[in-house]
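When a residue number appears, it is its place in the shown sequence, counting from 1. Below, all heavy atoms of this structure are taken into account, side chains as well, without hydrogens, waters or symmetry copies. Fair warning: this is a prediction, and the values are worked out from it, not measured in the lab.
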Amino acid sequence: MMNERDVARDRRAIVKNGLLLAGVLAVPGTVSAAARKLTQRDLRPIGEPPVPAPRAIAVAARPITSPKVVRPDLMRQAMAALDRHAGSITRRDRIAIADMSAPSGQARFHLVDLANGKSQSFLVAHGSGSDPSHTGYLQRFSNAENSNASCEGAFVTADYYVGKHGRSQRLIGLDRTNDNALARAIVVHSAWYANADMIKSHGMLGRSQGCFAVGEGELDKVFALLGPGRMIYSAKV
């Protein structure tokens with residue numbers, strides 16, 4: 001559970017992102033116009049409207065994503081985590097959100113571009129220890145060694161390597177709920193049991209040992225969007 005300090009920090013992050021989003025939705029020019037009093041020069045007739053001065057807009061202030069793709073409450077949690085771990089996450093233009101409330105038969109691994117608000121979604125498997133009866137739904141998280149379960153929280157993507165699952169990407173857990181991720185070899189990799197044809201034949205994906213396993217044909221796209229130094233946020237909300 002979060003202590004009072006964490007709760008306060010999360011609330012500040014959510015308020016901050018809400019204010020940024022409100023700023024984007026405001027009519028351009030209203031802030032700068034209200035910042036000074038009108039003068040006689042402003043009241044003179046003009047031939048055409050003046051061109052507004054360009055404003056620098058921070059990446060985080062752009063529209064985040066459609067709520068039809070990522071549920072708003074989950075998006076708020078992810079943005080709060082991005083703010084909370086700002087010192088560890090060097091690239092903040094894109095994030096990945098694993099919505100573990102959704103079944104494995106749905107595309108629930110969302111790659112969100114914070115600069116333009118666009119998202120791409122992929123199938124992703126959860127760990128067998130998180131779904132012992134293989135229902136297709138994640139039942140629980142675990143950070144324990146040999147649990148074969150998925151763990152929750154914020155991860156930062158690290159380097160690529162070739163291991164027993166082929167091309168893979170290491171992850172570093174940033175929260176107490178996933179800080180064993182590197183030691184447990186919780187990584188991003190591809191697997192046959194995460195391919196879309198599993199849904200046609202079984203109605204759900206197979207299960208990993210806790211890793212974020214994506215379809216074999218989707219790995220290149222996922223790696224290209226992730227890269228090192230970005231956040232993956234996994235939660236069941």
Asp113 CG to Lys118 NZ distance, which is reported to the nearest 0.5 Å: 8.5 Å

Backbone of Val187 reached by a side-chain donor or acceptor of Ser168 within 3.5 Å: no

Derivation of the side-chain contact (heavy atoms from CB on, under 4.5 Å) call for Leu182 and Leu171: CA-CA 6 Å; Leu182 191 61; Leu171 302 176; over 6 Å; no

Distance-minimising heavy-atom pair for Ala149 and Gly129: CB-C, 3.8 Å

Asp93 bridged to Arg230 by N-O distance under 4.0 Å: yes

4.5 Å side-chain heavy-atom contact, Gln120 and Val222: no

Side chain to side chain, Arg94 and Val112, heavy atoms closer than 4.5 Å: no

Leu74-Ile89 co-clustered via ILVMFWY side chain contacts under 4.5 Å: yes

Backbone of Met75 reached by a side-chain donor or acceptor of Tyr233 within 3.5 Å: no

Validation row: Val214, Val124 side chains within 4.5 angstrom (heavy atoms): yes

Backbone of Ser150 reached by a side-chain donor or acceptor of Glu152 within 3.5 Å: no

Output field: ring centroids Phe212/Phe155 closer than 6.0 Å: yes

Worked check of side-chain contact (heavy atoms from CB on, under 4.5 Å) between Trp192 and Glu216: CA-CA 6 Å; Trp192 61 269; Glu216 293 169 310; 4.0 Å; yes

N/O donor-acceptor pair under 3.5 Å between Asn148 side chain and Ser208 backbone: no

Asp175 side-chain N/O to Ala154 backbone N/O, donor-acceptor pair under 3.5 Å: yes

Same apolar cluster (I L V M F W Y, side chains within < 4.5 Å links), Val237/Val70: yes

Side-chain heavy-atom pair Leu226, Val188 within 4.5 angstrom cut-off: yes

Main-chain N/O of Asp197 paired to Asn195 side chain as donor or acceptor, under 3.5 Å: no

Whether Arg167 side chain and Ser190 backbone form a donor-acceptor pair below 3.5 Å: no

Ser101 side chain to Arg108 side chain, donor-acceptor N/O pair below 3.5 angstrom: no

Salt bridge Arg170-Asp159, side-chain N to carboxylate O under 4.0 Å: yes

Side chain to side chain, Ile199 and Met204, heavy atoms closer than 4.5 Å: no

same_hphob_cluster(Phe223, Leu111) at 4.5 Å side-chain heavy-atom cutoff: yes

Min side-chain heavy-atom separation His126-Ser104 under 4.5 Å: yes

Gap separating the CE atom of Met100 from the NZ atom of Lys236, nearest 0.5 angstrom: 10.5 Å

Close side-chain approach of Arg184 and Glu145, heavy atoms under 4.5 Å: yes

Gln209 side-chain N/O to Ser128 backbone N/O, donor-acceptor pair under 3.5 Å: no

Short side-chain donor-acceptor distance under 3.5 Å, His110 and Ser121: yes

Leu174 vs Asp179 side-chain heavy atoms within contact, under 4.5 Å: no

Nearest-0.5 Å distance, CD1 of residue Ile95 to CE of residue Met231: 4.5 Å

Check: Asp83 side chain, Met79 main-chain N or O, donor-acceptor pair, under 3.5 Å: no

Candidates Ile232, Asp99, Leu123, Ile97 - the one meeting side-chain contact (heavy atoms from CB on, under 4.5 Å) with Phe109: Ile232

Residues Phe122, Leu225; criterion side-chain contact (heavy atoms from CB on, under 4.5 Å); working and verdict: CA-CA 12 Å; Phe122 302 88; Leu225 290 168; 4.1 Å; yes

Side-chain (Asn143) to main-chain (Cys151) donor-acceptor, under 3.5 angstrom: no

Inter-residue atom distance Lys200.NZ - Met198.CE, 0.5 Å rounding: 13.0 Å

From Ile172 atom CD1 to Ile186 atom CD1, the distance as rounded to the nearest 0.5 Å: 13.5 Å

Crowding at OH, Tyr137 (>12 non-hydrogen neighbours, <6.0 Å): no

